[in-house]
Every structure is written in structure tokens, then in C-alpha cells.
Colleague: 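One structure, as C-alpha cells, below. Some questions next.
Order of the sequence lines sets the chain letters (A, B, ...), proteins ahead of strands, with each chain counted from 1.
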Amino acid sequence: MPEKWATAYDSKIEGNVIFTRFDAALNWVRKNSLWPMPMGLACCAIELMATAASRFDIARFGAEVMRFSPRQCDVMIVAGTVTYKMALAVKRIYEQMPEPKWVIAMGACASTGGMYRSYAVLQGIDQLIPVDVYISGCPPRPEALLAGLMKLQEKISRERSFRNQKPELAEKLEEALG
Amino acid sequence: MHFPWVSPRNSSSQLRSAQNDVRLMTRQELLGSFERSCGEKIHSKTEFRGETTFTIAASDLREIAKFCRDELSFDYLIDITSIDNFGEEPRFEIVYHLYSLAYGIHLRLKLAVPKEANAVDTVSDIWPTANWHEREAYDMMGIKFNGHPDLRRILMWEGYPYFPLRKDFPLEGLPSEMPDVAFTNVTPMEGGPFVTLPSTATSKDREPRARPPQL
């Protein structure tokens, strides 16, 4: 064995090297540190707070860093009744979040308007912004929110992140690699 | 014991002596003195389950309100509500729910809103709490209040074109659009369990169903 090969190969670091797809690594990083934007609008926000507190502990899923600035968030949890008066504010806050971003519609009201079949209530936040996960319940239990968060993590882990984020670069690489 | 925040302002001597008595003023005495003092200005009196409602004219409102607060110690305006008698005259009525913290007595004043002006005088300078109550009545019913210091909508946004609690406003709403402020759409009522019809039919037929309100 030539001497330079022996220096390049170090058996001590062998166990620390992982081969994987770039997307898988990127998604793994993203899905385990989701920073939620707590869009608490009604009683669902109480359950959202309970989910963040010690008993249910959303930190187990890496999503404990609730930020009240949309610019530091990547998942918006719409928790509560979205009135028309509030709707455009919710949309504006969503637009201020940097990409990549996801939305959880927590509870019946955020998903469909819930029991408020009324002149004043938007019948589901998905009429304004794209929703990734809907959670049923009025309000949902903290376990349901955690289940929704895990669903979102599954969804993120299946995303083609690199191609979504850098479509031109991905195309060039594909051409170069044949 | 002296409670400055519940003592009547500018009390007449008769009421002052009544308050200084160990014995509290009874309901009959207080409402009796209201009836004696207002006399002709009372259009009707209704007793229902121990609660008294006097109907008065809109033009006498401020005078009677001041009298109630200053002379009769009705120092607490609990609420202002409005009624839409759609299809009947008078269409709009306003109800003032008063309470005397000193004596623990309720009084309700009711008046018809004049049709042409669709406005009554404000009482927000008499009871400051009336400020927001009157804004709410304006927002939901479209009743205006003369002399109100800040008559804006309170629940819906400025520029919303309808008054949603009027009887001719459909439950599912009407579309509206204010760019960059807010919009509304018609709400689908299918599956909505909250649309009922008043009727004498059996409870099975009256059970809430998805149906548009019939106007």
C-alpha cells in the first residue's frame, strides 16, 4: 500500500462517516428543528401552550422554539378562529416567514371555520394560505397537535428539498453528471 | 360607611336623607319617585318577574338619564341593547339597563329610535361606559348617536358596508371587499347545524338543518 493512501485512510473516523442523499440529510435537519410561529387566535392557543409546556413537551420533537417574529419561523400553527378582520393579517405574517415554510391548521375553526358558520368568520385558513397538516378537534388535545407535528415531519422528510430550493443548480448538476 | 363611588351625585334632599338612613331605599320607593318625577314622560310601564321597564321618548332620553344618575343614584349603566322589529313600526328600539350600586335596584329604559334620523342622543357623557356600547349598537344595527365623541365601528372594520345584526342581513353574510383591509364571503350553510326556523312543528321537524334563512 503506498504511503499517501495510508495517511488518507484513518480507521478511527470510519465509524463517523455516513453516506446518504443530500435531500435526506437536509430534511433530517429541517424536520427536527421546526421553529413554530404561534398564531394563537382562540381557545386552540391554550392547547398549543399546553403542548409547549412540561407535560407534553413539544421540545421532544425539536419544535419548542416559539418565535413571535415571523422572520425566524418555519412552521405557522394557526390555532383558532380566523375572522375576516384577522385573515389578511394572518396572510401577511405568513408571507413574512422565510422559505421553506409550512402551515398547520390546528382545530376545526382554522381548518373549516368550525362551528362559526357566520358572516364574520373565514371558512378555513386554506382559502388564503397553503396548509400542510389539518388537525381535527375543538380544540384538539395536545397529543393531536404532536401527532400533527409528526405528520408534518414525515411530510418534510419526503420533500425534494434541494431541487425545490435550487432548481437551476439541480438541473445543471444533472446535466453535468449525465 | 361611606362609598364615594356609589353615592349619588347632587342628591335631592329627600333622597339624601333616605340614603343616610340606616334603612336602605326600597325598590318601590325609588321607582315610585322615578314615576312621580317623570310623570307624563313615561309612555308605559312593564313589570316582568320583578324587573321594571319604562318606555320613554327618544327626545327625553338625556334629561331622564341625567335624572336617573344624579337624583336616583342609578350610577351604573350595565348595558345598552338594541332591537330590530323588522317589518314593524318602530323598527329599532334601544334598551338601557341601569343599576343602582347604592341600593341594588335595576331599572330598564326603553325607547323607539326615530325613523327619519335613525339616531338618538348619546349618553356617553353621562355614563362613560356608554361610549363602547353605543359604538357596538352603531356597528351591528346602524343606529347613530348624536353627540357621540367617537362613533366608529367597534367589531367590524371601518368601511364594512353592512350592519350584520339587522334582520334583513342574512346569517351567511354578504360578500364585501376592501383591498388590504379585509374581505368577506358568503358562508356555505350546508352541514351547518345552526340554521333553525321558528315554528310550532314537532321537535323532529324543528331540528336544526342546513337551510338558508328565509327572508
Colleague: Please output the residues of residues 151-158 of chain A in contact with chain B, using a heavy-atom cutoff of under 4.5 Å, in numerical order.
Modeller: none
Colleague: Are B/E172 and A/R117 close enough that some pair of their side-chain heavy atoms sits under 4.5 Å apart?
Modeller: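 Contact flag for B/E172/A/R117 side chains = no.
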Colleague: Step by step, work out the salt bridge (charged side-chain N to carboxylate O under 4.0 Å, His left out) result for A/R141 and A/E47.
Modeller: CA-CA 7 Å; A/R141 293 271 315 166; A/E47 298 298 302; 5.2 Å; no
Colleague: Please lay out, stage by stage, how B/N85 and B/E93 fare under the test side-chain hydrogen bond (donor to acceptor under 3.5 Å, both in side chains).
Modeller: CA-CA 8 Å; B/N85 304 307; B/E93 288 176 301; 3.0 Å; yes
Colleague: Less than 4.0 Å between a side-chain N and a carboxylate O, is that true for B/R62 and B/D125?
Modeller: yes
Colleague: Heavy-atom distances under 4.5 Å only: say whether B/Y160 touches chain A with side chain, backbone, both or neither.
Modeller: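 B/Y160 touches chain A through side-chain heavy atoms alone.
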Colleague: Assess whether salt bridge (charged side-chain N to carboxylate O under 4.0 Å, His left out) is satisfied between B/E51 and B/R108, documenting all intermediate values.
Modeller: CA-CA 8 Å; B/E51 295 180 354; B/R108 202 176 282 127; 2.6 Å; yes
Colleague: Within a reach of under 6.0 Å around CD of B/E158, are more than 12 heavy atoms found that belong to other residues, nucleotides or ligands?
Modeller: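 Check passes, neighbour count above 12.
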Colleague: Could you tell me which of A/L128, A/T83, A/V121 has the largest number of non-hydrogen atom pairs under 4.5 Å with chain B?
Modeller: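 Of the options given, most contacts go to A/L128.
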Colleague: With a 6.0 Å cut-off (strictly less than), is the heavy-atom count around NZ of A/K91, excluding the residue itself, greater than 12?
Modeller: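 For A/K91, atom NZ is not crowded (no more than 12 foreign heavy atoms under 6.0 Å).
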Colleague: Kindly assign one of parallel, tilted or perpendicular to the pair B/Y99 and B/Y76, based on the angle between their ring planes and the thresholds 30° and 60°.
Modeller: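 Ring orientation of B/Y99 relative to B/Y76: perpendicular.
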Colleague: What are the two closest heavy atoms between A/P140 and A/C44, and how far apart are they?
Modeller: CD-SG, 3.6 Å
Colleague: Under the side-chain hydrogen bond (donor to acceptor under 3.5 Å, both in side chains) test, which residues partner B/T81, sequence neighbours left out?
Modeller: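 Here the qualifying residues are B/H97.
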Colleague: If you look at every heavy atom in A/L48 and A/M106, which pair is closest and at what distance?
Modeller: N-CE, 3.9 Å
Colleague: Which residues in residues 110-121 of chain B have any heavy atom closer than 4.5 Å to a heavy atom of chain A?
Modeller: none
Colleague: Counting N and O atoms only, with roles assigned by atom type, does the side chain of B/D75 sit under 3.5 Å from a partner on the main chain of B/L101, one being a donor and the other an acceptor?
Modeller: yes
Colleague: Within residues 143-156 of chain B, which positions have a heavy-atom distance to chain A below 4.5 Å?
Modeller: B/I154, B/L155, B/M156
Colleague: Would you please classify the geometry between the B/F183 ring and the A/Y84 ring as parallel, tilted or perpendicular, with 30° and 60° separating the classes?
Modeller: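 Answer is perpendicular, since the angle exceeds 60°.
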Colleague: Taking B/D84 for the side chain and B/R166 for the main chain, is one N or O donor matched with an acceptor at less than 3.5 Å?
Modeller: no
